[in-house]
Trainee: 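Below is the structure I would like to discuss, written out as structure tokens.
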Amino acid sequence: MKSAAQLQSVLTARAWDKEMLMWIGSEKALYAALSPVEPQVLDLLDMFDPERLPPDDDATREQLQSSLHQYLSALKPGPGHRVVLVVKSIGLLARYDAGLHVFFNCFVGGFALVILLLDGGAERVDWPDEVRCEGNRLLHYFSSPGMVKEFFSTDG
């Protein structure tokens, strides 16, 4: 796990590698680490119209990927327009097995950087005995091969 200071050095690099980053910690701490950079923020929940939800998992995955493709294509990063995109509600990517290929195919590169926000929050939930909570499930999903390569946190 890398520190917030190491994230700052990535941000100030002349060009970025075609890789996804993950922030493990609070959203507030991420924005403090990004300062003075003003990120573009995308909440994946906003990719869905509550009045027209897809009927099943396959349709949900297809809609999510299609909506992401349209959104990312519209950002058009380039030499005069560097974009740091913070992505929230990343559990949807894992839940519908959408992966990260849409980010790799049409967005990340020398002038665009994606930071997935894994905000565990400080709140502890006492789940009933019949509910099994796997706290690191999202971390395991996004650390599998072909996914996120660098993880950052305030704890470093």
Side-chain angles (χ1 to χ4, degrees), residues 1-48 60-61 64-127 131-156:
M1 185 99 45
K2 295 183 177 182
S3 70
Q6 289 170 306
L7 176 59
Q8 274 291 319
S9 68
V10 169
L11 292 172
T12 57
R14 189 169 196 186
W16 296 315
D17 289 335
K18 193 172 185 174
E19 293 181 1
M20 303 284 293
L21 308 179
M22 178 172 280
W23 178 264
I24 301 169
S26 75
E27 187 172 355
K28 183 179 177 180
L30 171 60
Y31 295 144
L34 291 175
S35 182
V37 172
E38 290 278 335
Q40 177 91 21
V41 180
L42 170 62
D43 189 332
L44 293 177
L45 289 172
D46 294 338
M47 299 279 105
F48 297 96
T60 302
R61 178 177 41 260
L64 179 58
Q65 290 172 331
S66 175
S67 295
L68 268 172
H69 186 272
Q70 289 177 333
Y71 179 87
L72 296 171
S73 296
L75 292 177
K76 300 186 189 306
H81 180 62
R82 287 170 51 117
V83 178
V84 174
L85 179 65
V86 172
V87 182
K88 297 167 45 173
S89 303
I90 63 172
L92 290 173
L93 295 169
R95 164 62 180 90
Y96 295 103
D97 199 23
L100 300 177
H101 67 275
V102 68
F103 292 97
F104 287 113
N105 292 343
C106 65
F107 188 69
V108 295
F111 304 106
L113 182 67
V114 174
I115 302 173
L116 302 175
L117 174 62
L118 182 56
D119 187 348
E123 184 178 316
R124 187 184 179 297
V125 177
D126 288 324
W127 296 102
V131 175
R132 192 174 108 211
C133 178
E134 295 179 37
N136 288 327
R137 183 174 226 158
L138 285 177
L139 187 57
H140 290 283
Y141 178 81
F142 288 109
S143 61
S144 62
M147 296 287 223
V148 176
K149 291 189 179 174
E150 293 190 88
F151 296 83
F152 296 86
S153 171
T154 51
D155 301 332

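Just so you know, residue 1 is the first one in the sequence shown, and it goes up from there.
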Trainee: Working to the nearest 0.5 angstrom, can you tell me the gap between Thr154 OG1 and Met1 CE?
Mentor: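 Between Thr154 OG1 and Met1 CE, I get 9.5 Å after rounding to 0.5 Å.
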Trainee: Could you list the donor-acceptor pairs under 3.5 angstrom formed between side-chain atoms of residues 9-18 and any protein atom two or more places apart in sequence or on another chain?
Mentor:
residue : atom : partner : partner atom : Å
Ser9    : OG   : Gln6    : O            : 2.7
Thr12   : OG1  : Gln8    : O            : 3.2
Thr12   : OG1  : Ser9    : O            : 3.2
Trp16   : NE1  : Val10   : O            : 2.9
Lys18   : NZ   : Phe104  : O            : 2.8

Trainee: Determine whether Leu118 and Phe142 make a side-chain contact, defined as any pair of heavy atoms from C-beta on separated by less than 4.5 Å.
Mentor: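 Leu118 vs Phe142: side chains apart.
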Trainee: Is there a side-chain contact between Trp23 and Val86, using heavy atoms and a 4.5 Å cut-off?
Mentor: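 Not in contact.
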Trainee: Mind checking the CG-CD spacing from Leu72 to Gln40? Nearest 0.5 Å is all I need.
Mentor: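 The distance works out to 10.0 Å.
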Trainee: Tabulate below the donor-acceptor pairs under 3.5 Å that side-chain atoms of residues 29-38 make, not counting sequence neighbours, or state none.
Mentor:
residue : atom : partner : partner atom : Å
Tyr31   : OH   : Glu27   : OE2          : 2.7

Trainee: Any donor-acceptor pair under 3.5 Å linking the side chain of Ser153 with the backbone of Ile24?
Mentor: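 Pair found, side chain donor or acceptor close to backbone of Ile24.
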Trainee: Quick one: side chains of residues 94-102, donor-acceptor pairs under 3.5 Å with protein atoms, not counting sequence neighbours, listed by atom name and distance.
Mentor:
residue : atom : partner : partner atom : Å
Arg95   : NH1  : Asp57   : OD2          : 3.0
Arg95   : NH2  : Asp57   : OD1          : 3.3
Asp97   : OD1  : Tyr141  : OH           : 3.3

Trainee: Distance from Leu85 atom CG to Phe107 atom CZ, nearest 0.5 Å?
Mentor: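 That separation rounds to 5.0 Å.
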Trainee: Using 0.5 Å steps for rounding, measure from the NZ atom of Lys76 to the NE2 atom of His81.
Mentor: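 Taking NZ in Lys76 and NE2 in His81, the distance rounds to 10.0 Å.
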Trainee: By the definition side chain to side chain contact (heavy atoms under 4.5 Å, CB included), identify the one residue from Leu139, Leu138, Leu117 that meets it with Met22.
Mentor: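 Of all the options given, the one that passes is Leu139.
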Trainee: Hey, does Met47 have a side-chain heavy atom less than 4.5 Å from the side chain of Leu42?
Mentor: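 They are in contact (side-chain heavy atoms under 4.5 Å apart), so the answer is yes.
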Trainee: Got a second to check how far His69's NE2 is from Asn105's CG, nearest 0.5 Å?
Mentor: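 Those atoms lie 7.5 Å apart.
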Trainee: Enter the distance from Arg61:CZ to Ser66:OG here, rounded to the nearest 0.5 Å.
Mentor: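 Rounded to the nearest 0.5 Å, the CZ-OG separation comes to 13.5 Å.
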Trainee: On a heavy-atom basis, which atom in Leu21 and which in Phe152 lie closest, and how many Å separate them?
Mentor: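 That closest heavy-atom pairing would be CD2-CE1, 3.8 Å.
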